[in-house]
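Down below is the structure, laid out as structure tokens.
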Amino acid sequence: MHAFIVTGASRGLGHALCEALLGDRYFVVGIARRASKGLAELAARYPDNLLAIDADLADGQQAAGAIHAALQQLPLPDCASITLINNAGVVTPIAQAGHYPADQLRQAIAINLTAPMLASDALLSATASLPARRRILNISSGAAIKAYPGWSVYCAAKAGLDHFSRAAAAEQQGKSNPAQIVALYPGVVDTEMQDKIRDSDEAQFPQKPRFDALKSDGALSSPAVAARHIVDYLVSPDFGRETVVDIREL
Ligand SMILES: NC(=O)c1ccc[n+]([C@@H]2O[C@H](COP(=O)([O-])OP(=O)(O)OC[C@H]3O[C@@H](n4cnc5c(N)ncnc54)[C@H](OP(=O)(O)O)[C@@H]3O)[C@@H](O)[C@H]2O)c1
């Protein structure tokens with residue numbers, strides 16, 4: 001069995017990743033606050049291959065706990081590979097420094113950076129003695145390297161996620177069964193996150209017209225197309241050769 005744990009599975013890119021993985025006959029555990037609801041239709045189509053776990057990843061205990069709960073439901077000795085896709089994320093608060101809603105800032109760092117670090121830690125510790133191939137894919141963003149005014153919280157979290165991926169990948173070097181860890185930029189994908197970007201205040205996010213134009217020009221990837229490309233890369237021999245990749249350059 002090849003098992004995949006996907007966070008942010010209830011909608012958007014995470015849901016499309018689950019659908020692509022299930023279509024390829026892999027076993028999937030989907031995690032989100034509303035995973036059971038968001039995955040209900042896929043669960044009806046793939047009743048033997050999909051589990052949903054409802055968890056709020058802004059809560060560090062739930063972030064690690066959801067991974068342990070997922071692993072407990074898997075037949076670990078029968079798993080040839082176990083892959084964690086840290087996909088859940090929020091672009092909010094779209095606000096410049098000097099205008100931060102403090103609660104939203106803490107929430108964003110918790111979801112975009114702390115949760116993937118704790119989830120990765122949980123996976124690596126719980127699977128350390130298994131022979132299974134282990135992979136971690138962190139869904140990052142071009143915002144990790146491009147400074148967008150108004151997205152300073154998101155940019156900081158994604159830059160942190162990239163560098164966490166580099167450091168954690170370096171920690172695996174020389175281990176007997178090293179996990180492969182990659183951060184990936186998925187391109188601009190037509191999800192609720194893009195709706196939020198187009199709904200933002202241009203005074204806080206001056207590049208809003210550019211994102212309005214990407215939508216009206218049909219330049220966004222569909223979640224299904226982006227997910228297909230990501231899954232093909234994830235299961236290819238190329239996965240792990242580089243630690244930070246942009247799917248548009250693969
Ligand atoms: N869309 C783009 O153009 C784009 C570009 C670059 C990078 N990305 C990255 O791609 C990833 C997916 O984004 P998306 O566009 O698919 O976003 P989305 O449509 O807004 O979906 C976000 C997902 O994250 C989950 N989530 C949010 N807060 C959560 C929490 N507290 N606990 C658990 N789950 C939570 C949501 O589920 P619940 O609400 O059910 O919890 C949902 O499943 C993110 O990491 C994002 O930064 C997206």
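For clarity, every value in this text was computed on a predicted model and none was experimentally measured. Both ligands and their constituent atoms are indexed starting at 1 by order of listing.
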Requested in this report: Specify the protein heavy atom at minimum distance from atom 45 (O) of ligand 1: its residue, its atom name, and the distance to 0.1 Å.
Outcome: Asn87 O, 2.7 Å

Requested in this report: For atom 48 (C) of ligand 1, grab the closest protein heavy atom and report residue, atom and distance to one decimal in Å.
Outcome: Met193 SD, 3.8 Å

Requested in this report: Tell me which one of Thr7, Ile139, Ile111 gets a heavy atom nearest to atom 10 (O) of ligand 1.
Outcome: Ile139

Query - Atom pair CG/SG of Leu50 and Cys18 - distance to nearest 0.5 Å - result: 6.5 Å

Requested in this report: Quick one: look up the protein heavy atom nearest atom 15 (O) of ligand 1 and list residue, atom name and how far away it is.
Outcome: Thr191 OG1, 2.5 Å

Query raised in the report: Quick one: which ligand 1 atoms are inside 4.0 Å of a heavy atom on Gly12?
Result: 16 (O), 19 (O)

Query - Pair Asp232 + Arg228, salt bridge at N-O below 4.0 Å - result: yes

Report task. Give the ring-plane orientation class for Trp151 versus Tyr154, where under 30° counts as parallel, over 60° as perpendicular and anything between as tilted. Result -> perpendicular

Query - Centroid-centroid distance, Phe205 to Phe211, less than 6.0 Å - result: yes

Report task. Report the member of Ala63, Ala58, Ala9, Ala55 with the shortest heavy-atom distance to atom 33 (C) of ligand 1. Result -> Ala55

Report task. Measure the shortest side-chain to side-chain distance between Asn138 and Phe164 over non-hydrogen atoms and say whether it is less than 4.5 angstrom. Result -> yes

Report task. For atom 47 (O) of ligand 1, grab the closest protein heavy atom and report residue, atom and distance to one decimal in Å. Result -> Tyr154 OH, 2.6 Å

Report task. For ligand 1, indicate whether the residue Gln194 contacts it via side chain, backbone, both or neither (heavy-atom separation under 4.0 Å). Result -> side chain

Report summary line: Heavy-atom proximity to atom 35 (C) of ligand 1 ranks first, among Ala16, Ala88, Ser10, for Ala88

Report task. Quick one: pull up OG in Ser140 and CG in Leu161 and give me the separation to the nearest 0.5 Å. Result -> 5.0 Å

Query raised in the report: Among Ala143, Gly142, Gly187, which residue places a heavy atom closest to atom 5 (C) of ligand 1?
Result: Gly187

Query raised in the report: Is there a heavy atom of Tyr185 sitting under 4.0 angstrom from any atom of ligand 1?
Result: no

Query raised in the report: Can you tell which of Lys208, Lys215, Arg210 makes a salt bridge (Lys or Arg N to Asp or Glu O under 4.0 Å) with Asp212?
Result: Lys208

Query raised in the report: Which of the atoms of ligand 1 are close to Pro186, meaning less than 4.0 Å from one of its heavy atoms?
Result: 6 (C), 7 (C), 8 (N)

Query raised in the report: Is Ala115 in contact with ligand 1, taking contact as a heavy-atom separation below 4.0 Å?
Result: no

Query raised in the report: So between Leu13, Ile85, Val189, Asp59, whose heavy atom ends up nearest atom 1 (N) of ligand 1?
Result: Val189

Query raised in the report: Which residue and non-hydrogen atom of the protein lie closest to atom 32 (N) of ligand 1, and at what distance in Å?
Result: Leu57 N, 2.8 Å

Report summary line: for atom 25 (C) of ligand 1, nearest protein heavy atom and its distance come out as Gly8 CA, 3.6 Å

Requested in this report: Indicate whether any N or O donor in one side chain lies under 3.5 Å from an N or O acceptor in the other, for Arg134 and Thr127.
Outcome: yes

Report summary line: Honestly, for Lys196 the part within reach of ligand 1 (heavy atoms, under 4.0 Å) is neither

Query - Closest approach of any protein heavy atom to atom 29 (C) of ligand 1, naming residue and atom - result: Arg33 NE, 3.6 Å

Query raised in the report: Under 3.5 Å, is there a donor-acceptor pair linking the side chains of Asn86 and Ser120?
Result: yes

Report summary line: The protein heavy atom nearest to atom 7 (C) of ligand 1 is Ser140 O, 3.2 Å

**Report entry** Ring centroid separation Phe4 to Phe27 under 6.0 Å
**Finding:** no

Query raised in the report: Can you check side chain to side chain donor-acceptor pair (under 3.5 Å) on Ser222 and Asp190, steps first, answer last?
Result: CA-CA 5 Å; Ser222 75; Asp190 198 358; over 6 Å; no

**Report entry** Proximal atoms of ligand 1 relative to Asp56 (non-hydrogen, under 4.0 Å)
**Finding:** 30 (C), 31 (N), 32 (N)

Query raised in the report: Which ligand 1 atoms, with their elements, are less than 4.0 angstrom from a heavy-atom of Ser141?
Result: 6 (C), 7 (C)

Query raised in the report: Quick one: do the Asn87 and Thr7 side chains pair a donor with an acceptor below 3.5 Å?
Result: no

Query raised in the report: Closer than 4.0 angstrom: is that true for some heavy atom of Gln107 and an atom of ligand 1?
Result: no

Query raised in the report: Are Arg133 and Ser81 close enough that a side-chain donor and a side-chain acceptor fall under 3.5 Å?
Result: no

